[in-house]
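Inspection log for the structure reproduced underneath, given as structure tokens.
What you see is a predicted model; the values in this text were computed from it and never measured. Residue numbering restarts at 1 for every chain, and letters A, B, ... go by the order of the sequence lines.
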Protein chains: 2
Amino acid sequence: MVVAPNRDRRAERREETRREILDAAWLIARQEGLPGVTLRAVAARVGMRAPSLYSHFASKNAIYDAMFGQAWTEFDAAAAAGYPGLPASPRAALTGAAKLFFDFAVSDLARYQLMNQRTIPGFEPSPESYAPAVRALGRLRSLLADLGLRDPAALDLFTAVTGGLIDQQLANDPGGTRWERLLGRVVGMYATEMGLPAGPETRQ
Amino acid sequence: MVVAPNRDRRAERREETRREILDAAWLIARQEGLPGVTLRAVAARVGMRAPSLYSHFASKNAIYDAMFGQAWTEFDAAAAAGYPGLPASPRAALTGAAKLFFDFAVSDLARYQLMNQRTIPGFEPSPESYAPAVRALGRLRSLLADLGLRDPAALDLFTAVTGGLIDQQLANDPGGTRWERLLGRVVGMYATEMGLPAGPETRQ
DNA sequence: GTCTATACACCGATAGAC
DNA sequence: GTCTATCGGTGTATAGAC
């Protein structure tokens, strides 16, 4: 009688190929920008012809979708490791969280565009790929709640001001620090608005 | 003896055609989104074939470039008319300026994407088209200076927080007011950070 | 000068042979 | 599962008609 092997080598190989395709796509995205990710370019990198990719992904947007999920999973893990548990001061906790997101965004433009900007015409993330983004946002919500900020507007306000800094930095001074330097001040004014106890210095 | 006519009908007709092409491009951008603006679609709207557009614009990006200039010229005019001269309070002046930009952005997504987001792959505005954007920013700088805010960081901070609100509003709640409602609070915390005298209420 | 016809190289996607 | 061939789309270049 034929028994099923306890390791599905077929599935493993398939998963490995998918991973190779996504790795190639990331490499191209970082080198040539997001629009440089064409099916022909990705296929060439993994030693295939373009149509063969359709055996592993339903469409080009499905590749973007998987990348979107990877990126947010990656950030969620970074946040899980990086958010301070119970730090010295509430303001330090906010600054740490903001800086974590800022640095993550600035360190990979293509990834940030995929995660946070609607730069790809037809692309809309699937619920499965959106899940880690929701998880990461929930982690931030928890952090704010631990500081006593339970108003939903507290979260919206925080994402708006930090996202605003990131967008300006990437759009108008890529590679520089013109808006990065303002991060401390922004967190400070946010903390004050939220009624958190004053830190050592409001003005940086 | 042949005298030159004091009206160059040829040039007028040419300018009129250019205007028609741009109008068609704006119409398509608003209806189908920015990526829907293809040369063939624009040409069809003005009763031409696609290659004929090259008699009036050097490339597709040149069309985007002219639209970029138009949009910023339009906003600069709105700012010139809408910025309060010497209003009741500094905070009211800031709120007015922020709301002017916010409403302008939210009222036309495609226009905002063209003006402020790098959503078109190869597009980079020319110096001529960028000029009105610089002018509009200078107008905001003057407004801040009139309020005593002469630190360059004051301008960067203001654009970051207002831009952050706009991006979140358009990306996560298009057509809604979830972030628009926070505009007063954001301006309030900005004004406080900048040391402006407190208005009637910090919390809206 | 203005427009058309034609062509090229690229894109994502599909059909079907092996 | 990967291939070749091909389709309809894109932006763009150019020759030539009017």
Separation of dA13(C) atom P from Leu53(A) atom CG, nearest Å, is 11 Å

message = Is the positively charged end of Arg111(A) above the ring of Phe104(A), judged by distance under 6.0 angstrom from the centroid and angle within 45° of the axis?
response = yes

Exercise for the section: Could you check whether Leu39(A) gets within reach of a base, just the sugar-phosphate, or nothing at all, counting any heavy atom under 4.0 Å? Expected result: sugar-phosphate

Describe the nucleic acid contact of Val46(A) in one word from base, sugar-phosphate, nothing, applying a heavy-atom distance below 4.0 Å.
nothing

Over 12 foreign heavy atoms within 6.0 Å of CZ, Phe102(B) = yes

Fill in: Close side-chain approach of Asn116(B) to Phe101(B), heavy-atom, < 4.5 Å
yes

Could you tell me how the ring of Phe75(B) sits relative to the ring of Trp72(B): parallel (under 30°), tilted (30 to 60°) or perpendicular (over 60°)? perpendicular

Could I get a table of every N or O pair under 3.5 Å where one atom is in the protein and the other is in nucleotides 1-8 of chain D?
from, atom 1, to, atom 2, distance (Å)
dG1(D), OP1, Arg14(A), NH1, 3.4
dT2(D), OP2, His56(A), NE2, 2.6
dC3(D), OP2, Arg49(A), N, 2.8
dC3(D), OP2, Ser52(A), OG, 2.5
dT4(D), OP2, Arg49(A), NE, 3.2

Quick one: does Thr119(B)'s side chain get under 4.5 Å of Arg118(A)'s, heavy atoms only?
no

Between CD1 of Ile28(A) and P of dC11(C) the distance, given in whole Å, is 11 Å

Over all strands shown, is Val42(A) touching base, sugar-phosphate only, or nothing at heavy-atom distances under 4.0 angstrom? nothing

In whole angstroms, the gap separating P of dG12(C) from CD1 of Ile120(A) amounts to 11 Å

Whole-Å distance, Phe57(A) CZ to dA13(C) C1', equals 16 Å

Notebook entry, point to check: Regarding Arg141(B) and the six-membered ring of Phe158(B), is the cationic atom NZ or CZ under 6.0 Å from the ring centre and inside 45° of its axis?
Noted result: no

